[in-house]
Enquirer: 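Let me begin by handing over the structure; questions about it come next.
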Amino acid sequence: MKSLSAILIFLSAAACSGQMIAEIQADYSNISGSRWEAEYAIYNSGTEQISELTIWFAYEDYANFEITTADPQGWDELIIEPEPLTESGAGYDLLNISAPLTAGGELSGFSLEFDYAGSSPAQQSFEIINPNTFETLYEGQTVPEPATIGLFALAGLAMKKRKNTI
C-alpha cells in the first residue's frame, strides 16, 4: 500500500507543478470480426493549453483507418498513414490552433474505425505537441474506459486505508 500511496502523491505533485498532464480515455466497440471503433475523450488536467495531439498505433496490429467523428468541434482530424519501410505505425492527429483545449477542459466524441489483429485493442501511446515547433510536450498512454473507473476505486481504497493507519 505504501507504493500506491507514493504513486498517488507523485501524480498529485505533478499535476500541481505546472507540467503538461493529460489523459486520453479510449472506449472500444467491436463492430464485426476484426473491425473496431474507438471513441476518445481528452482531459487536460495540466496548466497549459492543448492545440495538437497524436495517438499512435502499433504497426503490425492496426490497419484500414477511417475517421468517424460526428462533430469534430472545430478540430482538424488527420490519419498519418503507417510507413512500411520503417515499420512506423499509423497516427491519429488532432489540431486546433484557434480554440485549443484549455487547462481543466475536456473534449469527447472523437472516433475512428480500424482493423485490429488481436482479440481486443490495447493501449496506444499519445503525444501532446507544440504545433509551432513540433516539440513533444507530453507523452502518455490511452486509458481504456473501464480501467479508469477501477483506478479511481483503487485510489479511493488506498487513501481510506492510509487514513485509517495514521
Side-chain angles (χ1 to χ4, degrees), residues 7-29 31 34-118 120-148 151-152:
I7 290 170
L8 292 173
I9 291 168
F10 169 77
L11 290 174
S12 298
C16 296
S17 70
Q19 279 183 269
M20 171 66 71
I21 302 290
E23 178 180 309
I24 299 179
Q25 292 181 350
D27 186 17
Y28 303 106
S29 301
I31 296 170
S34 63
R35 191 73 177 164
W36 289 81
E37 181 176 52
E39 186 170 321
Y40 297 99
I42 303 142
Y43 301 92
N44 182 355
S45 54
T47 59
E48 303 294 324
Q49 295 182 339
I50 297 175
S51 298
E52 183 175 10
L53 64 96
T54 304
I55 300 170
W56 295 103
F57 299 86
Y59 177 73
E60 293 181 358
D61 296 335
Y62 298 87
N64 303 318
F65 293 89
E66 178 185 346
I67 296 171
T68 57
T69 303
D71 177 14
Q73 305 166 60
W75 287 73
D76 294 324
E77 300 171 277
L78 169 74
I79 297 295
I80 302 167
E81 294 297 327
E83 176 51 55
L85 209 54
T86 60
E87 296 188 356
S88 298
Y92 175 46
D93 192 74
L94 299 165
L95 174 69
N96 189 333
I97 296 174
S98 62
L101 179 58
T102 57
E106 68 179 74
L107 286 170
S108 61
F110 295 98
S111 60
L112 68 145
E113 291 183 14
F114 51 82
D115 292 335
Y116 182 68
S120 179
Q123 290 180 318
Q124 296 106 20
S125 61
F126 71 86
E127 297 174 324
I128 305 298
I129 302 163
N130 179 325
N132 299 314
T133 65
F134 304 108
E135 172 190 6
T136 298
L137 303 173
Y138 179 76
E139 296 177 294
Q141 296 284 319
T142 60
V143 178
E145 183 60 37
T148 304
L151 182 61
F152 285 128

Enquirer: When the ring planes of Y62 and Y116 are compared, do they come out parallel, tilted or perpendicular, using 30° and 60° as the limits?
Expert: tilted
Enquirer: So which pairs with a foot in residues 95-106 pass side chain to side chain donor-acceptor pair (under 3.5 Å), sequence neighbours left out?
Expert: N96-S98
Enquirer: Does Q123 use its side chain to pair, donor to acceptor, with the backbone of T142 at less than 3.5 Å?
Expert: yes
Enquirer: When rounded to the nearest 0.5 angstrom, what distance separates CD in E127 from CD1 in I55?
Expert: 11.0 Å
Enquirer: Identify the heavy atoms of N132 and N130 that sit nearest to each other, and give their distance.
Expert: N-OD1, 2.7 Å
Enquirer: Applying ring pair (Phe, Tyr, Trp, His ring centres under 6.0 Å), name anything that partners F126, two or more places apart in sequence or on another chain.
Expert: none
Enquirer: Could you check if a side-chain atom of I67 sits within less than 4.5 angstrom of a side-chain atom of I79, using non-hydrogen atoms only?
Expert: yes
Enquirer: Please check if the side chain of S111 supplies one atom and the backbone of A38 the other of a donor-acceptor pair under 3.5 Å.
Expert: no
Enquirer: Looking only at heavy atoms, which two atoms of N44 and E48 are closest? And how far apart?
Expert: ND2-O, 2.7 Å
Enquirer: With rounding to the nearest 0.5 angstrom, report the CD1 to CD1 distance, I50 to I42.
Expert: 7.5 Å
Enquirer: Between Q124 and I24, is a side-chain contact (heavy atoms from CB on, under 4.5 Å) present by the stated rule, with each step listed?
Expert: CA-CA 10 Å; Q124 296 106 20; I24 299 179; over 6 Å; no
Enquirer: On the 0 to 90° scale, with breaks at 30° and 60°, tag the W36-Y28 ring pair as parallel, tilted or perpendicular.
Expert: perpendicular
Enquirer: To the nearest 0.5 Å, tell me how far Q49 CD sits from I97 CD1.
Expert: 12.0 Å
Enquirer: Any side-chain heavy atom of W75 sitting closer than 4.5 Å to one from F110?
Expert: yes
Enquirer: Donor-acceptor pair, distance only, cut-off 3.5 Å: does the side chain of S29 make one with the backbone of E37?
Expert: no
Enquirer: With sequence neighbours left out, what residues match Y59 under side chain to side chain donor-acceptor pair (under 3.5 Å)?
Expert: none
Enquirer: Between E77 and P72, which heavy-atom pair has the shortest distance, and what is it?
Expert: OE1-CB, 3.5 Å
Enquirer: Can you measure from CD1 (I129) to CG (D93) and round to the nearest 0.5 angstrom?
Expert: 5.5 Å
Enquirer: How many angstroms lie between atom OH of Y92 and atom CG of L78, to the nearest 0.5 angstrom?
Expert: 10.0 Å
Enquirer: Just by modelled atom types, is the L137 backbone N or O under 3.5 Å from a matching donor or acceptor in the E135 side chain?
Expert: no
Enquirer: Less than 4.5 Å apart, side chain to side chain, heavy atoms only: is that true for I80 and W56?
Expert: yes
Enquirer: Just verifying a value: how many Å separate L94 CG and L101 CG, rounded to the nearest 0.5 Å?
Expert: 10.5 Å
Enquirer: Can you see which heavy atom on A103 is nearest to which on G46, and at what distance?
Expert: CB-O, 3.2 Å
Enquirer: State, yes or no, whether a side-chain contact exists between L107 and Y40 at a heavy-atom distance under 4.5 Å.
Expert: no
Enquirer: Closer than 3.5 angstrom, by distance alone: can the side chain of Q73 be matched with the main-chain N or O of S108 as a donor-acceptor pair?
Expert: yes
